[in-house]
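Quick notes on the structure that follows.
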Amino acid sequence: MDILGDSDKNSYRSLSAAVSYGIASMAMVFLNKAVLMQYSHSMTLLTLQQLATTLLIHFGRSMGYTKSKGLDMQTAKRILPVSLFYNANVAFALASLKGVNIPMYIAIKRLTPLAVLIAGFFSGKARPTTQVILSVLLTAAGVLVAALGDFSFDLIGYSMAFTSVFFQTMYLVLVEKSGAEDGLTSIEIMFYNSFLSLPFLLFLIIATGEFPDSLSLLFAKSNSFSFLVIFLLSLVIGIVLNFTMFLCTIVNSALTTTIVGVLKGVGSTTLGFVILGGVEVHALNVTGLVINTAGGVWYSYAKYQQKKSKPPKLTST
C-alpha cells in the first residue's frame, strides 16, 4: 500500500535533494582541505576526481544501473564552454584552499552573487530589488573587514579564490543565457562536465609540471592509511557533490541550491574555526565573517521573497 501521496513524495524528494547537497558540499570543503594539507597537487586531485566520475557513470550506464544517454557530439559541443567555466571554477577553488583557511574561503565564495549582479548590470538585466543589492554589499563589506583581520593572509590563495568567483559567475551567466544544460538529467550533466574537462585538465597538469611527480608522490603517500582513506573519500564525495548539486537544481531550483549553499556555509564557517586549524582568531576577522554570513542569509531571504512575489506563469489550455 502506498502511504505517501504524489505531493508528499515530491516534497520528500525535494527536501532529500537539498539536505544531501548541503551535507555533501560541507564535507567536500573539509575533505579537500585535509587532502591538500598533505598533498599540494590540486590540479591532479581534480583530474582524478573527474576521471573517477566519468568512469563511474560510463560503467554504471554499461551495466544498466543508470538510464542516462550516451555521448552525443552535438550535446558535447553545446555544453563545452559551460563545462570549461565550471571546471575552471572548481580548479581555482581547490588551488585557493592550499593557502586560504576555510572560513575565509567560504566568505570569498559568497561574493558570487555580487559578481552576478555586476555581470547582469553590464548585460542589461532588470535591476534587482533594493534588499538584494544591500545584502550583497553587506556580504562584500564582511569579506573586506574579515580580510583585514586575517593574520594568515595568503595573496596567492586569495587571488585563486577571487578567480574562482569570476569563473563561477561566468558559468552561472552562461548557463542562464545559453540554456546549454536544458533537457539533460543530473547524471548526464555530470558526465559531460567530467568527460569534457579531462583533455583540458591533462594538458594543465603536464604544462604546469605537476605530472608525473604528482603521481609519484601520490603513490608514496598511499602508504599512509589515514591519507588513503581521506583521499578516497574525497573522490567519492566529489561524485556525490556534483550529483546532488545538479539534482537539487533540477528537482528544486537554482535559488534553492543557492540558499542551501549559504546555510551550509554558516555551518562550515563555524566548524572551520575548530577543524583542521589554520585560523588565527581575531576580533576583526570574526566580526567580518559574522557580517559576511548575515549578508549571505539576508541575500537568500531577499531572493526567496523576490521569487515569492512574482505572479505565477499563465499556461494556455
>> Quick check for you: to the nearest 0.5 Å, what is the distance between Arg61 atom CZ and Leu56 atom CG?
In response: 11.0 Å

> For Leu184, does its backbone N or O pair with a side-chain atom of Lys69 as donor and acceptor, under 3.5 Å?
Replying inline: no

> Between Phe162 and Ile106, is there a shared hydrophobic cluster once you connect ILVMFWY residues whose side-chain heavy atoms come closer than 4.5 Å?
Replying inline: yes

> Got a donor-acceptor contact below 3.5 angstrom from the Asn87 side chain to the Ser83 backbone?
Replying inline: yes

>> Any side-chain to backbone donor/acceptor pair from Ser194 onto Phe191? Under 3.5 Å, distance only.
In response: no

> When you look at Asn193 and Asn242, which way does the side chain to side chain contact (heavy atoms under 4.5 Å, CB included) test go after all the steps?
Replying inline: CA-CA 10 Å; Asn193 270 322; Asn242 283 330; over 6 Å; no

> At their closest point, which heavy atom of Ala147 faces which heavy atom of Met104, and how far apart are they?
Replying inline: N-CE, 4.0 Å

> With side chains defined as the heavy atoms from C-beta onward, is the minimum distance between Leu45 and Ser234 less than 4.5 Å?
Replying inline: yes

>> With rounding to the nearest 0.5 angstrom, report the OG1 to CD1 distance, Thr163 to Ile108.
In response: 10.5 Å

> Does Phe153 CZ have over 12 foreign heavy atoms under 6.0 Å away?
Replying inline: yes

> So Phe85 and Thr169, side chain to side chain contact (heavy atoms under 4.5 Å, CB included) or not? Walk me through it.
Replying inline: CA-CA 9 Å; Phe85 280 123; Thr169 303; over 6 Å; no

>> For a side chain to side chain contact (heavy atoms under 4.5 Å, CB included) check, start with the C-alpha distance between Lys98 and Ile156, then their side-chain angles and the critical distance, and finish with the verdict.
In response: CA-CA 9 Å; Lys98 289 190 285 186; Ile156 295 176; over 6 Å; no

>> Once rounded to the nearest 0.5 Å, what's the spacing between atom CG of Leu217 and atom OG1 of Thr44?
In response: 9.5 Å

>> Restricting to non-hydrogen atoms, name the atom on Ser268 and the atom on Met26 that form the minimum distance, rounded to 0.1 Å.
In response: OG-CG, 3.2 Å

> Taking everything shown except Phe195 itself, do over 12 heavy atoms lie less than 6.0 Å from its CZ?
Replying inline: no

>> Apply side chain to side chain contact (heavy atoms under 4.5 Å, CB included) to residues Leu201 and Ile205 and explain how you reach the verdict.
In response: CA-CA 6 Å; Leu201 291 172; Ile205 63 173; 5.6 Å; no

>> How close do Phe243 and Ile187 get, counting heavy atoms only, and between which atoms?
In response: CE1-CG1, 3.6 Å

> With a 4.5 Å limit on heavy-atom distance, are the side chains of Thr293 and Arg110 in contact?
Replying inline: yes

> Do Leu46 and Leu55 belong to the same hydrophobic cluster, where Ile, Leu, Val, Met, Phe, Trp and Tyr are linked whenever their side-chain heavy atoms lie under 4.5 Å apart, directly or via other members?
Replying inline: no

> Do Ile118 and Leu134 share a hydrophobic cluster (ILVMFWY, side-chain heavy atoms under 4.5 Å, transitive)?
Replying inline: no

> Should we say atom CG of Leu80 is surrounded by more than 12 heavy atoms from elsewhere, each under 6.0 Å from it?
Replying inline: yes

> Is the Tyr39 ring parallel, tilted or perpendicular to the Phe231 ring (thresholds 30°, 60°)?
Replying inline: perpendicular

>> Using only atom types and a distance under 3.5 Å, with no angle test, would you say the side chain of Thr112 pairs donor to acceptor with the backbone of Lys109?
In response: yes

> Do Ser25 side-chain atoms and Gly22 backbone N/O form a donor-acceptor pair below 3.5 Å?
Replying inline: no

> In Å and rounded to the nearest 0.5 Å, what is the OG to CG distance from Ser222 to Leu228?
Replying inline: 5.5 Å

> Roughly how far apart are Leu284 CG and Leu148 CG, rounded to 0.5 Å?
Replying inline: 5.5 Å

> According to a 4.5 Å side-chain heavy-atom criterion applied to Ile, Leu, Val, Met, Phe, Trp and Tyr, with indirect links allowed, do Leu241 and Leu15 form part of one hydrophobic cluster?
Replying inline: no

> Should Phe211 and Leu202 count as side-chain neighbours, where that means a heavy-atom distance under 4.5 Å?
Replying inline: no

>> Is any side-chain heavy atom of Leu215 closer than 4.5 Å to one of His41?
In response: no

>> Measuring from atom CD of Glu210 to atom OG1 of Thr47, what distance do you get when rounded to the nearest 0.5 angstrom?
In response: 7.5 Å

> Mind checking whether Met245 and Met28 have side chains closer than 4.5 Å, heavy atoms only?
Replying inline: no

>> To check you understand the geometry: which heavy-atom pair defines the closest contact between Val143 and Ala107, and what is its length?
In response: CG2-O, 3.2 Å

>> Side chains of Arg127 and Ile133, heavy atoms from C-beta outward: is any pair under 4.5 Å?
In response: yes

> Is there a side-chain contact between Ile239 and Leu235, using heavy atoms and a 4.5 Å cut-off?
Replying inline: no

> What closest approach, in Å, do Leu271 and Phe30 show between heavy atoms, and which atom pair accounts for it?
Replying inline: CB-CZ, 3.6 Å

> Is a side-chain donor or acceptor of Lys221 paired with a backbone partner of Gln38 at a separation under 3.5 angstrom?
Replying inline: yes

>> Quick check: do Leu48 and Leu218 have side-chain heavy atoms less than 4.5 Å from each other?
In response: yes

> Have Asn32 and Tyr105 got a donor and an acceptor in their side chains that come within less than 3.5 Å?
Replying inline: no

> So which heavy atom on Leu94 is nearest to which on Leu36, and how close?
Replying inline: O-CD1, 3.2 Å

>> Under 4.5 Å between side-chain heavy atoms, counting indirect links through other Ile/Leu/Val/Met/Phe/Trp/Tyr residues: same cluster for Met170 and Phe200 or not?
In response: yes

> Any chance the side chains of Ser164 and Asn89 put a donor and an acceptor closer than 3.5 Å?
Replying inline: yes

